[in-house]
Each structure stands twice: as structure tokens, then as C-alpha cells.
Enquirer: 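This is the structure I have questions about; it appears just below.
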Protein chains: 2
Amino acid sequence: MTATRSTRQRDVIARVLDAAPGPLAVPEVLSRAQSDLPGLGIATVYRTLKLLTDQKRIHPVTLDGETRYETAGKGHHHHFSCTRCGRVFTLHTCPVALPSGTVYPGGFIVEAHEVTLYGQCPDCAGA
Amino acid sequence: MTATRSTRQRDVIARVLDAAPGPLAVPEVLSRAQSDLPGLGIATVYRTLKLLTDQKRIHPVTLDGETRYETAGKGHHHHFSCTRCGRVFTLHTCPVALPSGTVYPGGFIVEAHEVTLYGQCPDCAGA
DNA sequence: TTAGTTGCAAACCATTTGCACATCA
DNA sequence: TGATGTGCAAATGGTTTGCAACTAA
């Protein structure tokens, strides 16, 4: 069978995602992880993201055609994408009330929902 | 300067998108358009989708890492992605009330929002 | 006629995979 | 030591682009 090893690379990548204020794109993960591990290769980043995803420790989020990754287990949350600086933040309040099982007009049975807000993040709004 | 010509290919592709019940992925656009225009090439589909997007006649929607295209000017709406059959539908009711200018907790100024509902479409729920 | 468009094949580019070397246990 | 993991380079696969033939106006 297939054992899974703990390595420096995996630890660093997982830590980078934990420390982020929102989901990160692959190049962001790579460059942040490289400040701790200069030699880190992009292939390892992809392999590790896939591994952590399979282990449900992180999960992918697609925003504007770009796949980002975030730590799992943050509970129900949504995202805010800043139209000025492009950064993505995690929001912990939810603007919709659609419990699983809600039947939407037309006969659509809702099991989950995803919300993305677009606008100016606090930094950009202040400038 | 650059004039834009009306062609069979462009008409067919635009019509395919108009007729769809929701945003279509590139392979869906290609195969549907090919029933009218067997020789249609994938490059033309990509070029036309880009052209129509630039003209604001359609616009891209990213769902689960896949870029889809839908006719513009349908007014405010959202999407429902069926977890059984994978089809995507356009919904004309909106479950959130966040007018542009709303300030979200944390100081995020909301300009727009996007909602995707996941669950069973009427067909799959009935089966 | 002729600028604009198309299909094909080559080019691109982000992501994945093969392999020899390195490393965790 | 042996099974895993890593970095590098090659392979993939979806999307874009160059080019010669085609076509709308």
C-alpha cells in the first residue's frame, strides 16, 4: 500500500496556505513557499496541492478562471475578490439563507451554494 | 481600421449560445455548432467567443474550473450547477440583497456579486 | 477586388509525468 | 536499506497564432 511521508516541502506548502488571508493561486503558493525553501520546484507544488486536496486538508476554489487553494475546515464561508489589487479574501459572514434541501423556483433542489463578492478591499478603498 | 464581418460561423455560434438554457463550455459550443456547420474548426470557435466577448454580446462564466460562455443582456441572474448531470442552468431569481455600495463587515465595499447554487436539476430530481 | 475570416498545423503555456537522485522512517 | 518524495526535463492537453486559401461586401 501507499504510505504518506511528512516532508519539509509539504509542511511548508501547508503552512503557506494556513497563513493566507484567502485562497492562493499556484504562483503565489510557489513564491511564498520558496522564501522558506529556495530550491522548491513547481512540480512539487502541484503534486502537493493534489495530495492535500485528496486528503481533504485543502480544497480548490475557482475564481475568474483561475484555480486557487485554501485550507479546509474553515466552516461555511465565501470570498471577496478585489477588483483593484486582485487579491482574494475569505469572508466569514454569509449573505444568503438557503439551507440544504431548499427547492428553488423551477424545481431545482439546492444542496449547497457559493458566493463571490467583487469590489474594493479595505486597503484599496482607503487609498 | 478594422471592420467586422458577418459570417455563417459567427451567426451559428451566437445562435447556439442564445438557444442554450445556461452557459456552455467550449466543447459544447463546438459540437452544437457543428450540427449546422460540420466543417467548423475549434480555432474559429475560440476566436469567435473572444470576439463576441469583446463586443459584450456574450460573457464568460467560470464554474468549477471550467470557462463557459453565455449570451449577455439577460439582466441580473445566477447559475445552478447540477451535481448529477453536470449541466448548468441560468436562474432568474436572486437569493441575496447586496446593492452596489454595500459595505461588508471588515470594510469591504461590494460592487457586484456572483452566486452559484449546486444540487439536483428538475430532471435529475425527478428520476 | 480586397480586407477580413477560416481551417489546419505549429506554437504556447499551465499542468502532469518519467526518471535518476535524494530522503524519510 | 527500501519505499517515498523531489527536481529537472520531457510530455500533455487546452488555447492561441501564423499562414495560405476562401469569402463577404
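Letters A, B, ... mirror the listed sequences (proteins, then strands); counts begin at 1. All of these numbers come straight from a predicted model, not from anything done at the bench.
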Enquirer: Would you say Val12(A) ends up clustered with Ile58(A) if hydrophobic residues are merged whenever their side chains have heavy atoms under 4.5 Å apart, either directly or through other cluster members?
Expert: yes

Enquirer: Quick one, which residues of residues 50-64 of chain B touch DNA chain C with a heavy atom under 4.0 Å?
Expert: none

Enquirer: For the backbone of His79(A) and the side chain of Thr90(A), can you confirm whether one donor and one acceptor N or O come within less than 3.5 Å of each other?
Expert: no

Enquirer: Tell me: CG of Leu40(A) to C1' of dT6(D), nearest whole Å?
Expert: 9 Å

Enquirer: Has the side chain of Arg47(B) got a donor or acceptor that lies under 3.5 Å from a partner of the other kind on the base of dG7(C)?
Expert: yes

Enquirer: Quickly work out the Arg8(B) CZ to dC22(D) P distance and round it to whole Å.
Expert: 16 Å

Enquirer: Is Arg10(A) near enough to dG5(D) that one of its side-chain N or O atoms lies under 4.0 angstrom from OP1 or OP2?
Expert: yes

Enquirer: Over how many whole Å does the gap from Leu49(A) atom CG to dA14(C) atom P extend?
Expert: 16 Å

Enquirer: Closest approach to the side chain of Arg5(A), judged atom by atom: which nucleotide of dT4(D), dG18(C), dG7(C) is it?
Expert: dT4(D)

Enquirer: Does the Arg10(B) side chain pair with the main chain of Arg5(B), one donor and one acceptor, at a distance under 3.5 Å?
Expert: yes

Enquirer: Whole angstroms only, please: what is the CD-P distance between Gln34(B) and dG7(C)?
Expert: 9 Å

Enquirer: Using only side-chain N and O atoms of Thr44(B), determine if any of them is under 4.0 Å from OP1 or OP2 of dT5(C).
Expert: no

Enquirer: Using a 4.0 Å heavy-atom cut-off across all strands, classify Ile42(A) as base, sugar-phosphate, or nothing.
Expert: nothing

Enquirer: Mark yes or no for whether Thr62(B), through its side chain, and Thr67(B), through its backbone, hold a donor-acceptor pair below 3.5 Å.
Expert: no

Enquirer: Tell me the interatomic distance from Leu37(B), atom CG, to dT6(C), atom P, rounded to whole angstroms.
Expert: 10 Å

Enquirer: Just the rounded figure in Å: distance from C1' of dG5(D) to CD1 of Ile13(A).
Expert: 11 Å

Enquirer: Taking OP1 and OP2 of dT23(C), is either one under 4.0 Å from a side-chain nitrogen or oxygen of Gln9(A)?
Expert: no

Enquirer: Between Ala43(A) and Ser6(B), which has a closest nucleotide on DNA chain D that is more 5'?
Expert: Ala43(A)

Enquirer: Quick one: side chain to side chain donor-acceptor pair (under 3.5 Å) pairs with a partner in residues 21-35 of chain A, sequence neighbours left out?
Expert: Glu28(A)-Arg68(A)

Enquirer: The side chain of Thr7(B) is closest to which nucleotide in this list: dT6(C), dT17(C), dG5(D)?
Expert: dT6(C)

Enquirer: State plainly whether one hydrophobic cluster holds both Val16(A) and Val88(A), where clusters connect Ile, Leu, Val, Met, Phe, Trp and Tyr through side-chain heavy atoms under 4.5 angstrom apart.
Expert: no

Enquirer: I want to know whether Phe108(B) and Phe89(A) have ring centres closer than 6.0 Å.
Expert: yes

